[in-house]
There are 2 protein chains.
Amino acid sequence: MNLKELSDYLGLSQTTVSRALNGYPEVSEKTRRRVMDAARQHDYLPDARAKRLATGRAMAIGHLLPVSKEHEMVNPIFSDFLAGAGKRYAENGFDLVLSVVEDKDEAETYRDLARRGAVDGVVVHGPRINDERIALLTELGLPFVVHGRSSEVSTDYNWIDVNNRRAFARATAFLLDLGHRRIALLNGLAGMDFAARRFKGYQDGLHAAGLDVDPDIVSHAEMTETYGYARTNALLDLDTPPTAIIISSIIPAIGARRALGDRGLTPGKDISIVIHDDDLSYFRNDGDVPTYTATRSSVRAAGEETADMLLAAIREPHQPPRQLLLEAELTVGQSTGAAPAVRQLLKEG
Amino acid sequence: MNLKELSDYLGLSQTTVSRALNGYPEVSEKTRRRVMDAARQHDYLPDARAKRLATGRAMAIGHLLPVSKEHEMVNPIFSDFLAGAGKRYAENGFDLVLSVVEDKDEAETYRDLARRGAVDGVVVHGPRINDERIALLTELGLPFVVHGRSSEVSTDYNWIDVNNRRAFARATAFLLDLGHRRIALLNGLAGMDFAARRFKGYQDGLHAAGLDVDPDIVSHAEMTETYGYARTNALLDLDTPPTAIIISSIIPAIGARRALGDRGLTPGKDISIVIHDDDLSYFRNDGDVPTYTATRSSVRAAGEETADMLLAAIREPHQPPRQLLLEAELTVGQSTGAAPAVRQLLKEG
DNA sequence: GCATTTTCCCAAAGCGCTTTGAGAATTGGA
DNA sequence: TCCAATTCTCAAAGCGCTTTGGGAAAATGC
């Protein structure tokens, strides 16, 4: 059943039926009700293709899932983010279109989406330092929100980010308070903006205590379990291994834990671990006392906020760019404890 | 630049330009080349909205991401699956539309997608036993492929599945060969078809050795880390704890490992673990000797196969349904070893 | 050389909606 | 009662493509 058939059936013009269904005021309540009832009864829903052409809007938001040829890695937080954002899109009648694309084709894909009119806006994931996508999208005039921020980009744009710097400064300070002096950082991929901010926070924390960063115990890589395992082993093999490790995600933390297990070491006792926890739905760091001490910020909630922001930006294109900075909470779990020296002192009374 | 402008510029009709771009034979090679060059030069790409209306095809595939209100759980294998499928869609000029939807609204969403003409086909994820979505989609005439199968559905339909039954029978037999007699099963959610098949395989393995299933050491739940942890603790607290555990996914296996760690137990030595490994990109079970002994089948590869199958089904609607059964490989890792009794015997020579 | 194909291109009619610009029908005011 | 204002409804023109049904020009066959 299409609009023509429905209006023929009702003895009304297509105009009136369309207006009744879309809530325009030019139609009497009586008629509107009659139209709505008939639509429901006949299972009528306007053809999305026709509606899109007629309105010029796609009623869809684009997300690019970049898949690099080399590492073949999909960001594990992606699905939780999509769950959050997609929920909001659905509530607002928008579709979510997901483009799986190789890193190198990303710019071209944005161009295509814009020219084809396939989406009304896009979300930019995983911004790098001085990310060129921001200039591109601004030039294309395609509304967008960045999940994260991009340092060294001078123009103003919509973004939503966790206060990574403060979170990691707090995590560092927390470990310092426990007496740790040699604290390693297992960070995300170099070049990623969030990783740079987390490093800065870590550095802030150390500096505040009069300490300097030791580059030997700072590393950057894609956040896989394997990375956590290998890197933790390497750290433990050092002449003076760290007494604590800050890890950028729960996934490499699993690997770190495995490395400790291999050596019969216990987190929280033999070595302290603080993680950044995105609160992944299949990997909850909870329980009476959470497994890990963590700076926590729900990526799913971030997805919801991102969607709201983008929909607002599409609705009101002439408003100034919007920004939202979320604070992570620092929750204490089982994976941290006093540094060995402090422990010794305490024991000696 | 739209088609009209492009054809005006070229001094050709819209018909000719459209045909030239879409590879129809009614246009001379010389003209085609001229059109193609001009299109490239002016960055012309046909408007997706108009194309969709004119052709009646959506050039898009739908995936539902079901998010249950209660458990708020997103399947962690989802993103890898999408990465695989989405790659193929992109190669074939299709978009991927992702609908985040509450469990209870799933049927309605399929109806909407079909009526609105928003997609040309859909992928059904996580089929349950006697899944009603299959009948619904058949009735709607919306092409679909099920990732998995649904027992007790009598009609024929497109599916692609891992041979879960055989994989779990092999895993069980493998553990039996190592001397294990008390083997626990940490399965997926009851009601899921894959979980039922895995249970059957487990049962097959035990029966073949003249053993029976002990329901006390079989459990069904959503495959989270927390589940693996809690359940492993419960198993170890039994009067006669199992000497081996088969775990349906790497995620709960992490939890199991954590439970073992808490007690100072080592996988492969104190207790054996076999997992089913979906080969998640951020959670590779590899290395010189993989961490886990596993039945492995790449969910990403399954995504690619599913996409190919669905695109073929859309292209050739009158072909009979297609099916593909993938075998999992059994790879030996560090998490399995001889059962205590056997170990004792071997030691005694 | 003429009739017949074949090649190449075009005008116009959709696809199923929204939206513009007006025209009936109704209501209210004097 | 008549006229103006308001309310309700409609015909028709798009939106930017594809595709049908021809028709002119060029190539072929006799």
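Lettering of chains follows the sequences in order, A, B, ..., and the numbering in each one begins at 1.
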Exercise. Are OP1 or OP2 of D:dT18 and a side-chain N or O of B:Lys51 less than 4.0 angstrom apart?
Worked result: yes
For this session: Give the rounded distance in Å between these two atoms: NZ of B:Lys30 and C1' of C:dC9.
Result: 13 Å
For this session: Carefully, step by step, assess A:Asp37 and A:Arg34 under the rule salt bridge (charged side-chain N to carboxylate O under 4.0 Å, His left out).
Result: CA-CA 5 Å; A:Asp37 287 350; A:Arg34 202 160 71 87; over 6 Å; no
Exercise. Once you round it to whole Å, what is the distance between P of C:dT18 and CD of A:Gln14?
Worked result: 9 Å
Exercise. Rounding to a whole Å, what distance do you find between B:Arg34:CZ and C:dC9:C1'?
Worked result: 12 Å
For this session: In whole angstrom, give the distance that lies between atom CG of A:Leu3 and atom C1' of D:dG14.
Result: 15 Å
Problem set entry | Distance in angstrom units between A:Leu53 CG and C:dC15 P, rounded | 13 Å
Exercise. So, is B:Tyr44 near the phosphate of D:dG16, with a side-chain N or O under 4.0 Å from OP1 or OP2?
Worked result: no
For this session: Assign each of B:Arg57 and A:Arg32 to its nearest nucleotide of DNA chain D by heavy atoms, then name whichever residue's nucleotide is nearer the 5' end.
Result: A:Arg32
Seminar exercise, completed: Sorted by position of nearest nucleotide on DNA chain D, 5' first, the leading residue of B:Arg19 and B:Arg49 is B:Arg49
Exercise. Would you call the rings of A:His125 and A:His63 parallel, tilted or perpendicular, where under 30° means parallel and over 60° means perpendicular?
Worked result: tilted
For this session: Look at the side chain of A:Thr15 against the base of C:dT19 and say whether a donor-acceptor pair falls under 3.5 Å; ignore hydrogens and angles.
Result: yes
For this session: Report yes if the side chains of A:Val124 and A:Trp159 come closer than 4.5 Å at any heavy-atom pair, otherwise no.
Result: no
For this session: Report the nucleotide, chosen from D:dC8, D:dC17, C:dG16, that has the shortest atom-to-atom distance to any side-chain atom of B:Ala54.
Result: D:dC17
For this session: Looking only at non-hydrogen atoms, find the nearest pair between B:Val119 and B:Gly62 and report the distance.
Result: CG1-N, 3.6 Å
Seminar exercise, completed: Closest to the 5' end of DNA chain C, once B:Thr31 and B:Thr55 are matched to their nearest nucleotides, is B:Thr31
For this session: Please state whether the base of C:dT19 and the side chain of A:Ser18 form at least one donor-acceptor pair under 3.5 Å?
Result: no
For this session: Provide, to the nearest angstrom, the distance between the OH atom belonging to B:Tyr24 and the C1' atom belonging to C:dT7.
Result: 18 Å
Exercise. What's the CG-P distance between B:Leu12 and C:dT7, to the nearest Å?
Worked result: 19 Å
Problem set entry | Nucleotide nearest B:Asp47 (side chain, heavy atoms from C-beta), chosen from C:dG16, D:dT9, D:dG16 | D:dG16
Exercise. Taking only side-chain nitrogens and oxygens of A:Thr16, does any of them come within less than 4.0 Å of OP1 or OP2 of D:dT9?
Worked result: no
Exercise. Any side-chain donor paired with an acceptor under 3.5 Å for B:Ser150 and B:Asp193?
Worked result: no
Exercise. Atom NZ of A:Lys4 and atom P of C:dT18: how far apart are they, to the nearest Å?
Worked result: 16 Å
